[in-house]
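Below you'll find the structure, written out as structure tokens, and then a few comments.
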Amino acid sequence: MNSTSTEISFEFGSFFRAYKDGRVERFFGTDKVPASINSPDGISTKDVLIVPETGVSARIFIPSNINSGQKIPLLVYFHGGGFLIGSPFCPTYHNFLASLVTAANVIAVSIDYRLAPENPLPTAYEDSWVALKWVASHCNGGGSEPWLKDHADFGRVFLAGDSAGANIVHNVGVQASVEDLNGVKLFGICLIHPYFGRKEGGVDDSWLFVSPDTSGFNDLRINPALDSRLASLGCTRVLICIAEKDKLRERGVFYYETLVKSGWNGEVEIVETEGEEHVFHLFKPNCEHAVALLKKLASFMNQD
């Protein structure tokens, strides 16, 4: 057997492994929950193909009891996983979005962007922007998806994501400040345990692995402090969620401090969960702190 077929070149915790011969193994996010109408949890879901040429797709979540013609806030969600793993269709993210849609009474579109290293960055950013533009195309009766046309309130559009997904939220948020979204203006964005470079400088090996052409800490995508567009971030409210024992905690604080210093004139709030680790709410969804976090996110999307 060729030694390169078993020699590991990169590992992402216990979730991902890459070998020197180019082969990869994913140990999270590969299972799929089928979409369903009127599921027992009161949510209906459907899957949509956004870009047939690339396979970019999404899962849409909507309360099953929504009334004809009723408009509710719209959430566009970007999953985490270091740009390497994760899927809107896997049980972890499906269940989280279903719970959030129930708690907040919103319609959600969870984006399935292409993953590295098969599709290195900036692919995830490009896919996410194209998907967001597709969602926005349904404003004013356009687009092809009836759930969005009939029920999405495009005056209350939110973006949210966790970890690498929160990084995507930031990047498409600043892009929305300089590029048109079919006239849609983002109301708020939420970054849950966001992934950026270290406050004191430097980037992780995982960032170098998923973005081989990066300039490191000078890369605007990983260091928001260098991005002049931050002062005109394309929304009016930002919620940043951090966790006390999260190794990325200081990076969330760094983002908060950077946004405040940028001159951006919106409202920003940072909330910390004591005693918890990175994305704890995904793996312990029924614990007291996860329930509290869910309520905070729901409140954020329902405030005037």
Side-chain angles (χ1 to χ4, degrees), residues 50-51 54 56 58 75-86 88 109-116 119-136 157-181 184-199 203-204 206-242 248 251-252 254-262 264 266 268 279:
I50 296 174
V51 186
T54 62
V56 175
L75 168 66
V76 182
Y77 194 86
F78 303 93
H79 69 79
F83 304 100
L84 294 163
I85 57 173
V109 183
S110 185
I111 307 302
D112 187 37
Y113 52 87
R114 287 174 289 174
L115 301 174
N119 302 282
L121 296 181
T123 300
Y125 298 117
E126 295 168 347
D127 288 351
S128 297
W129 178 250
V130 167
L132 182 58
K133 287 179 65 177
W134 176 85
V135 172
V157 177
F158 296 85
L159 306 182
D162 63 279
S163 196
N167 177 287
I168 292 175
V169 166
H170 157 73
N171 278 281
V172 297
V174 293
Q175 191 166 357
S177 69
V178 295
E179 293 190 40
D180 182 56
L181 276 176
V184 173
K185 301 299 181 183
L186 303 177
F187 195 85
I189 68 174
C190 179
L191 294 83
I192 307 169
H193 308 168
Y195 172 59
F196 292 103
R198 303 184 187 93
K199 181 179 179 179
V203 295
D204 306 289
S206 59
W207 174 257
L208 300 176
F209 181 71
V210 301
S211 184
D213 295 331
T214 186
S215 56
F217 198 60
N218 292 322
D219 192 326
L220 302 185
R221 299 168 300 181
I222 200 70
N223 183 3
L226 297 180
D227 196 338
S228 62
R229 299 173 299 173
L230 189 61
S232 56
L233 182 64
C235 65
T236 58
R237 293 177 179 173
V238 173
L239 173 65
I240 303 165
C241 302
I242 59 176
L248 301 185
R251 307 188 195 194
F254 170 49
Y255 186 82
Y256 171 78
E257 295 172 345
T258 300
L259 183 58
V260 170
K261 294 176 183 176
S262 72
W264 177 70
V268 58
V279 296

Determine the minimum heavy-atom distance between Pro212 and Pro120, stating which atoms define it. CD-CB, 3.9 Å
Measure the shortest side-chain to side-chain distance between Ser177 and Trp264 over non-hydrogen atoms and say whether it is less than 4.5 angstrom. no
Taking Asp127 for the side chain and Arg114 for the main chain, is one N or O donor matched with an acceptor at less than 3.5 Å? yes
Interatomic spacing from CG in Leu191 to CZ in Arg251 - rounded to 0.5 Å: 14.5 Å
Asn218 and Ser215: which non-hydrogen atoms are nearest, and at how many Å? C-OG, 3.4 Å
If you round to the nearest 0.5 Å, how far is OG of Ser211 from CZ of Arg221? 4.0 Å
State whether the side chain of Asp204 and the backbone N or O of Ser206 hold a donor-acceptor pair below 3.5 Å, judged by distance alone. no
If you look at every heavy atom in Gly173 and Leu233, which pair is closest and at what distance? C-CD1, 3.7 Å
Given side chains that start at C-beta, do those of Trp129 and Asn171 come closer than 4.5 Å, heavy atoms only? no
What class does the angle between the rings of Tyr255 and His170 fall in, given that below 30° is parallel, 30 to 60° is tilted and above 60° is perpendicular? perpendicular
So Val203 and Leu208, do their side chains get closer than 4.5 Å, heavy atoms only? yes
Flag the pair Arg198 / Phe254 as yes when at least one side-chain heavy-atom distance between them is below 4.5 Å, and no otherwise. no
Do Phe217 and Phe196 pass the ring pair (Phe, Tyr, Trp, His ring centres under 6.0 Å) test, and can you show the C-alpha distance, the side-chain angles, and the key distance before you say yes or no? CA-CA 9 Å; Phe217 198 60; Phe196 292 103; over 10 Å; no
Residues Gly80 and Ser163: closest non-hydrogen pair is CA-CB, 4.4 Å
Nearest heavy-atom approach of Leu84 to Ala116 is CD2-O, 3.4 Å
Residues Leu115, Phe83; criterion side-chain contact (heavy atoms from CB on, under 4.5 Å); working and verdict: CA-CA 6 Å; Leu115 301 174; Phe83 304 100; 5.8 Å; no
Please determine whether side-chain contact (heavy atoms from CB on, under 4.5 Å) holds for the pair Ile168 and Tyr113, giving the CA-CA distance in whole Å, both sets of side-chain angles, and the decisive distance to 0.1 Å. CA-CA 10 Å; Ile168 292 175; Tyr113 52 87; 3.7 Å; yes
Would you check, one step at a time, whether the test salt bridge (Lys or Arg N to Asp or Glu O under 4.0 Å) holds for Lys199 with Glu257? CA-CA 10 Å; Lys199 181 179 179 179; Glu257 295 172 345; 3.0 Å; yes
Less than 4.5 Å apart, side chain to side chain, heavy atoms only: is that true for Leu132 and Leu181? yes
Nearest 0.5 Å please: distance from the OG atom of Ser110 over to the CG atom of Leu75. 8.5 Å
Can you tell me how far apart CG (Leu248) and OH (Tyr195) are? Round to the nearest 0.5 Å. 8.0 Å
Return the CZ to CG distance between Phe158 and Leu186, rounded to the nearest 0.5 Å. 10.0 Å
Walk me through whether Asn167 and Tyr125 qualify under side-chain hydrogen bond (donor to acceptor under 3.5 Å, both in side chains). CA-CA 9 Å; Asn167 177 287; Tyr125 298 117; 2.6 Å; yes
Dump the intermediate steps for side-chain hydrogen bond (donor to acceptor under 3.5 Å, both in side chains) on Tyr77 and Asp162, then the final yes or no. CA-CA 9 Å; Tyr77 194 86; Asp162 63 279; 2.6 Å; yes
Taking side chain as C-beta onward, heavy atoms only, is His193 less than 4.5 Å from Val279? yes
Close side-chain approach of Val174 and Leu220, heavy atoms under 4.5 Å: no
Could you tell me whether the side chain of Leu230 reaches within less than 4.5 Å of the side chain of Thr258, counting heavy atoms only? yes
Might you point out which heavy atoms bring Val56 and Ala131 nearest each other, and give the distance in Å? CG1-CB, 4.4 Å
Set of residues satisfying ring pair (Phe, Tyr, Trp, His ring centres under 6.0 Å) with respect to Phe78, sequence neighbours excluded: none
Just verifying a value: how many Å separate Ile111 CD1 and Ser128 OG, rounded to the nearest 0.5 Å? 7.0 Å
